[in-house]
There are 2 protein chains.
Amino acid sequence: MSGPGHAHARIGTPGAGRPVARATMKDVAALAGVSLKTVSRVVNGEAGVSAAVRERVEHAASRLDYSHNVHASNLRRASSRTGTVGALLQDVSNSFSASLLRTLEDVARARQTAVLAASLDEEEDREIALVRGLVARRVDGLVLMPATSRHEYLAAELRAGLPTVFVDRLPHGVDADSVTVDNVLGSRHAVEHLVRHGHRRIAVLLDLGTIQTAQDRLRGCREAMDAAGIPADDRVEVRDLRTSDAAEAAVRAFYRGGPSPTAIFAGRNDLAIGAVRALRSLGLSHRVAVIGFDDFPLADLLDPAMTVVRQNVGQIGAEVGRLLFARIAGDTSPPRRVVIEPTLVVRGSGEIRPS
Amino acid sequence: MSGPGHAHARIGTPGAGRPVARATMKDVAALAGVSLKTVSRVVNGEAGVSAAVRERVEHAASRLDYSHNVHASNLRRASSRTGTVGALLQDVSNSFSASLLRTLEDVARARQTAVLAASLDEEEDREIALVRGLVARRVDGLVLMPATSRHEYLAAELRAGLPTVFVDRLPHGVDADSVTVDNVLGSRHAVEHLVRHGHRRIAVLLDLGTIQTAQDRLRGCREAMDAAGIPADDRVEVRDLRTSDAAEAAVRAFYRGGPSPTAIFAGRNDLAIGAVRALRSLGLSHRVAVIGFDDFPLADLLDPAMTVVRQNVGQIGAEVGRLLFARIAGDTSPPRRVVIEPTLVVRGSGEIRPS
DNA sequence: CTGTCTCGTGACAACGTTGTCAGGACGATT
DNA sequence: AATCGTCCTGACAACGTTGTCACGAGACAG
């Protein structure tokens, strides 16, 4: 207690402990009067330690608040798993990424694995920096919803055997597992649905043109329109919409002496919400049809309830987890591309007929 | 290429690399024809390496796909930071936890720190196990939205100086930083608001009674009702509601020959949503007032738009980040208890008068 | 030419842990 | 009594890295 290092150490207050070094196996060994290796045996529950010694060690460990250092342990161990995986998603606060993270977390926890989560916000540099950080932390696996469109920068890691699963977007330039949604199909179905309800002037709201899913969704729309003989119309095809507010403004513009579409397909859930806000304020929410891509909480409570193309997030997350941990467990079969079919959820807003 | 270990190693396929060991500084040193220590100097950008040697080392490193091992580095370094913090939240897929995580992540990223995220789902054992795991991983700090009601189990860690910030719920039995919302105040304001609009039969929906915030919210309601001279009524005070569905069922029961409250205060956002579903299906959504605790996306788009008590999540997250990283940076001042005042956001559902 | 100083580089120990192996105590077998 | 095997325990090296120190080469002053 009077040692120089402890002189001013208070107990139980936040900053008090910094000077107090953590107890190591060596300290526990000294207190228990055994060798370091014996402590290691006890801590790891190995056989070949007498009950008396085991008890002495455990007592010493708890008296010193000993906590195992997994980093040192992994460093020494033969085939070191860090028990950590990384998840780089678009934005952990949006409901799609958040649900995905949650499902992955559940799978990981069942395997004693922790999840490092981060948001990319479609920033390419951030993705590359974060991947580097995760590799430096020696994560056992990586789940990636990429912001980049080319993934050669990952080649070395993949070659080194880093289990990697792409989600929502396909890998380009490297070969890796992926779990994606058939965006072309989903948006084609949505637009076909609108056409079937009599629409010919259908607006399309889309995210950043650099994002794969946005491109695919556009393609799906075009296919459906081509099949219906509806010519492409630049005035109602708005791209590079990043926010709900941008979508709202775009939709407002449609009806200010503009093309006045009778239906709107929104290529992302918050764009759909922006569209609803605009229509609501224009008094058009019961006169213009809306279908959004990606379901969201409360879509059924809006008025009219929103018809959406649903990506089954639970299924996506489960597939991602399954693939990732199979690789971590040593599965070396060729990369798999799991494609999940989205479904149209009919709720009302997509069934409004043109007036 | 003909070495025995590489004979069957394919390139670029997921499982190909497992047998290929990662290059270490030793390997880089050998290839560059320098000592290991020189590689360390180059990798860490230390001074005292000639340009020629530096270039040779960098070239060798990239040829071997060398990646720095932060765990070994931290182990050796004097004052080791792992550059990782842990966030144990209620459920990373609910919008409150997710937003909090997101804000924390932004603060952390600015400090080159990664975030380990996990959900507790109000399970006490899981909290304890996860904290142990985070400590074993030597996180630099911990953000905790506890499922437990007593926190003595953290005493040793706090004593050892683990920077810890409680969020949404206060620490009990130990002294630590916290950022909470004044739940009593918020719910008192909500009920006062209902009383002011003429309500005397006000139902209260609450989460698990073991959760601190639920207790506080109940207390706030009671204070407001006492002040208004409204006697407590067990029939309209429903506790231990875990899900939106449970809330929906409870509200349905109110109007099946039950007490028929003229207003409902829901102590959590998804309970409020359950209430809305029930009222909607009973055709009462414009006749019974509803106020929810905690704002949520689209609350303004419901019909009627929902009046809520808003906890400013951005502010909470920012405070948590600020406190946590101040501690990590060495701040040893006494623990702080930051309390944030929630505000009533008036939107319509809370201003319906009794019929 | 010698001595000193600086600069670039390397040898070695150490961080906290685990795998390998060897040794001592003890009871059982010859 | 000598030999063997079993059980428990410890000494030591190693994982990949960095801090410390020492050494050799060249520059420069005396």
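Hydrogens, waters and symmetry mates play no part in the numbers below; they use all other heavy atoms, side chains included. So you know, we letter chains A, B, ... as the sequences are listed, proteins then strands, and number each from 1.
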In this structure, are over 12 heavy atoms from other groups packed under 6.0 Å from [X] atom [atom1]?
X         : atom1 : value
Arg337(A) : CZ    : yes
Glu55(A)  : CD    : no
His59(B)  : NE2   : no

Can you tell me the distance, in whole Å, between the [atom1] atom of [X] and the [atom2] atom of [N]?
X        : N       : atom1 : atom2 : value
Asp27(B) : dT17(D) : CG    : C1'   : 13 Å
Asn44(B) : dG16(D) : CG    : C1'   : 12 Å
Leu75(A) : dT18(C) : CG    : P     : 11 Å
Arg77(B) : dG16(C) : CZ    : P     : 15 Å
Asn69(A) : dC15(D) : CG    : C1'   : 13 Å
Lys26(A) : dC15(C) : NZ    : C1'   : 10 Å

Counting C-beta onward and ignoring hydrogens, is there a side-chain heavy-atom pair between Arg169(A) and Thr180(A) closer than 4.5 Å?
no
Do Val174(A) and Arg159(A) have side chains that get closer than 4.5 Å, going by heavy atoms?
no
From the options Leu144(B), Val338(B), Val167(B), Asp177(B), select the one residue that forms a side chain to side chain contact (heavy atoms under 4.5 Å, CB included) with Val320(B).
Val167(B)
Listed in order of residue number, which residues of residues 56-64 of chain B have a non-hydrogen atom at under 4.0 Å from DNA chain D?
none
Which part of the nucleic acid, if any, lies within contact of [X], taking any heavy atom under 4.0 Å across all strands shown: a base, the sugar-phosphate backbone alone, or nothing?
X        : value
His71(A) : nothing
Val53(B) : sugar-phosphate
Val49(B) : sugar-phosphate

List the residues meeting salt bridge (charged side-chain N to carboxylate O under 4.0 Å, His left out) with Arg54(A), not counting sequence neighbours, and say none if there are none.
none
Taking only residues two or more places apart in sequence or in another chain, which ones pass salt bridge (charged side-chain N to carboxylate O under 4.0 Å, His left out) with Arg102(A)?
Glu105(A), Asp106(A), Asp91(B), Asp121(B)
Looking at [X], does any N or O in its side chain come under 4.0 Å of the phosphate oxygens OP1/OP2 on [N]?
X        : N       : result
Ser73(B) : dG16(D) : no
Asn74(A) : dT17(C) : no
Ser40(B) : dT18(D) : yes

When you check the side-chain N and O atoms of Arg81(B) and Thr84(B), is any donor under 3.5 Å from an acceptor?
no
Pair His151(B)-Thr148(B), side-chain donor/acceptor within less than 3.5 Å:
yes
Please identify each residue that fulfils side chain to side chain contact (heavy atoms under 4.5 Å, CB included) with Asp125(A), with sequence neighbours left out.
none
Taking only nitrogen or oxygen atoms into account, show me every contact under 3.5 Å that the protein makes with nucleotides 11-14 of chain D, one pair per line with its distance.
residue, atom, partner, partner atom, Å
dA14(D), N3, Arg76(A), NE, 2.5

Residue pair Thr38(B)/Arg138(B) against DNA chain C: nearer the 5' end by closest nucleotide is Thr38(B)
Heavy-atom nearest nucleotide on DNA chain C for Ala51(B) versus Glu46(A): which residue maps closer to 5'?
Ala51(B)
Please pick, from dG16(D), dT18(C), dT17(C), the nucleotide with the shortest atom-to-atom distance to any side-chain atom of Ala72(A).
dT17(C)
When the C1' atoms of the five terminal pairs at each end define the local axes, what inter-axis angle does the helix from dC1(C)-dG30(D) to dT30(C)-dA1(D) show, to 10 degrees?
70°
Would you check if the side chain of Thr82(B) reaches a backbone N or O of Arg138(B) as a donor-acceptor pair within less than 3.5 Å?
yes
